[in-house]
Amino acid sequence: MAMKRIAVIEGDDAAPEAMRPVLELLHNLNLPLTFEYPIVGQPAIDTVGSPFPDAARDMIDAADATFFGSTSGPSGASLMYLRWGKQTYANIRPCRYFQGIASPLANPVGIDFVIVRENLEDLYVAVEGDLAELAFLDRPGRTTRKPLRELGQGRYAIKAITREGTERIVRFAFELAKKRAKQNKVTCVTKYNMLRESDGYFLEVAREVAEANPEIEFDSFIVDDFACRLIREPQRFDVVVMPNLYGDLLSDAAGGLLGSLGLAASGCYGDDYAYFEPAHGTAPDIAGQNIINPTATLLTASMMLEYIGFDEQAKRLESAIEQIYADGKVLTPDQGGDATTPAMVQAIAAAM
Ligand code: ATP
């Protein structure tokens with residue numbers, strides 16, 4: 001296989017403590033993989049005066065994918081580029097229980113679903129402003145029945161749901177459901193009863209895509225009902241597609257079902273690029289202690305290996321993680337163990 005290039009940004013606070021041993025594990029797989037390290041964030045500001053210099057962008061462009069540790073602060077500019085610049089419209093957040101995970105649920109067995117979050121639109125177009133700017137619309141709200149100018153002083157945010165953006169994310173969800181071994185089901189989550197124009201449109205377009213894929217079961221829930229079912233009966237879900245904001249919130253909640261954000265992997269896919277970043281933050285409160293749980297970073301690495309064509313190694317990595325959890329001997333403190341981050345990664349590498 002041709003050499004694949006990965007751009008690596010190690011991230012901030014405790015994130016590099018998970019990234020470094022995981023990169024070592026990837027390196028030791030002896031695959032045709034090269035790792036390049038664009039300089040972004042504070043070190044880039046210190047050296048060239050910009051948080052996201054052209055050289056870093058070129059390195060990301062030249063790579064097959066980017067592997068990103070969690071960031072805070074000035075590294076954000078590179079994330080913006082990876083998301084909106086590279087049009088990575090599908091944020092994929094798997095949530096799968098395996099034996100040995102310290103889940104807060106009495107019965108987590110069988111949890112295996114994926115949240116497919118639209119990643120570029122909805123409220124995240126970030127068009128906000130003063131309500132006075134919209135006075136010209138002279139249009140009453142369906143509920144308030146008052147023209148906007150009569151609402152008084154305040155702000156607005158635009159929620160944009162486009163046909164193109166919705167079609168491509170729902171299609172992505174259906175293609176994913178076809179590949180998965182589980183139930184072959186896509187669930188759409190919106191608040192269409194309240195937001196008839198925007199979420200109503202998302203659901204309408206989703207139904208059109210569903211009609212074109214009759215071999216896959218399709219159902220739909222209102223987001224508040226879904227939130228309840230997510231906790232009460234998570235086993236019933238397979239692939240769940242939703243607009244950006246609900247996906248952002250509920251995928252962290254899904255991480256909570258497994259008991260630790262340290263288990264939540266994430267990948268953002270576009271038509272010709274993808275970047276991979278664990279779903280958790282930078283865990284500043286445990287930085288410097290080498291106890292950050294590397295599982296999310298490892299599962300994220302496994303998604304990346306699959307994306308660049310190393311399916312077999314991706315599966316081996318996941319099996320090794322499962323084995324270490326089932327053994328229960330080498331786990332980090334958030335999972336009730338006393339292992340350090342490098343020790344847990346080494347145990348997983350040995351199990352591969
Ligand atoms: P951000 O704003 O970057 O999301 P945050 O502090 O709000 O940061 P996290 O960094 O995700 O959110 O941390 C939330 C809590 O979960 C913290 O107590 C942190 O230590 C813990 N945590 C997050 N990731 C991990 C991990 N991989 N292993 C162990 N604990 C983690």
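One-based numbering, in listed order, for ligands and for the atoms of each.
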Do we see a donor-acceptor contact under 3.5 Å between the side chains of Glu133 and Tyr156?
yes

Verify whether one side chain among Thr66 and Tyr273 offers a donor that lies under 3.5 Å from an acceptor in the other.
yes

Side chain to side chain donor-acceptor pair (under 3.5 Å) with Arg83: of Asn91, Asn119, Thr88, only one passes, and it is Asn119

Considering residues, nucleotides and ligands other than Ile39, do more than 12 of their heavy atoms fall under 6.0 Å from its CD1?
no

Please tabulate, line by line, the atom pairs linking an N/O of ligand 1 to a protein N/O at a distance below 3.5 Å, with the distance in Å to 0.1, or answer 'none'.
{"unit_1": "ligand 1", "atom_1": "3 (O)", "unit_2": "Thr282", "atom_2": "N", "d": "3.4"}
{"unit_1": "ligand 1", "atom_1": "10 (O)", "unit_2": "Thr282", "atom_2": "N", "d": "3.1"}
{"unit_1": "ligand 1", "atom_1": "10 (O)", "unit_2": "Ala283", "atom_2": "N", "d": "2.7"}
{"unit_1": "ligand 1", "atom_1": "11 (O)", "unit_2": "Gly281", "atom_2": "N", "d": "2.7"}
{"unit_1": "ligand 1", "atom_1": "18 (O)", "unit_2": "Asp285", "atom_2": "OD2", "d": "2.7"}
{"unit_1": "ligand 1", "atom_1": "20 (O)", "unit_2": "Asp285", "atom_2": "OD1", "d": "2.8"}
{"unit_1": "ligand 1", "atom_1": "20 (O)", "unit_2": "Asp285", "atom_2": "OD2", "d": "3.2"}
{"unit_1": "ligand 1", "atom_1": "27 (N)", "unit_2": "His280", "atom_2": "NE2", "d": "3.3"}
{"unit_1": "ligand 1", "atom_1": "27 (N)", "unit_2": "Asn293", "atom_2": "O", "d": "3.1"}
{"unit_1": "ligand 1", "atom_1": "28 (N)", "unit_2": "Asn293", "atom_2": "N", "d": "2.9"}

Side chains of Thr71 and Asp12 only: does a donor on one sit below 3.5 Å from an acceptor on the other?
no

Determine whether the aromatic ring centres of Phe276 and Tyr269 lie less than 6.0 Å apart.
yes

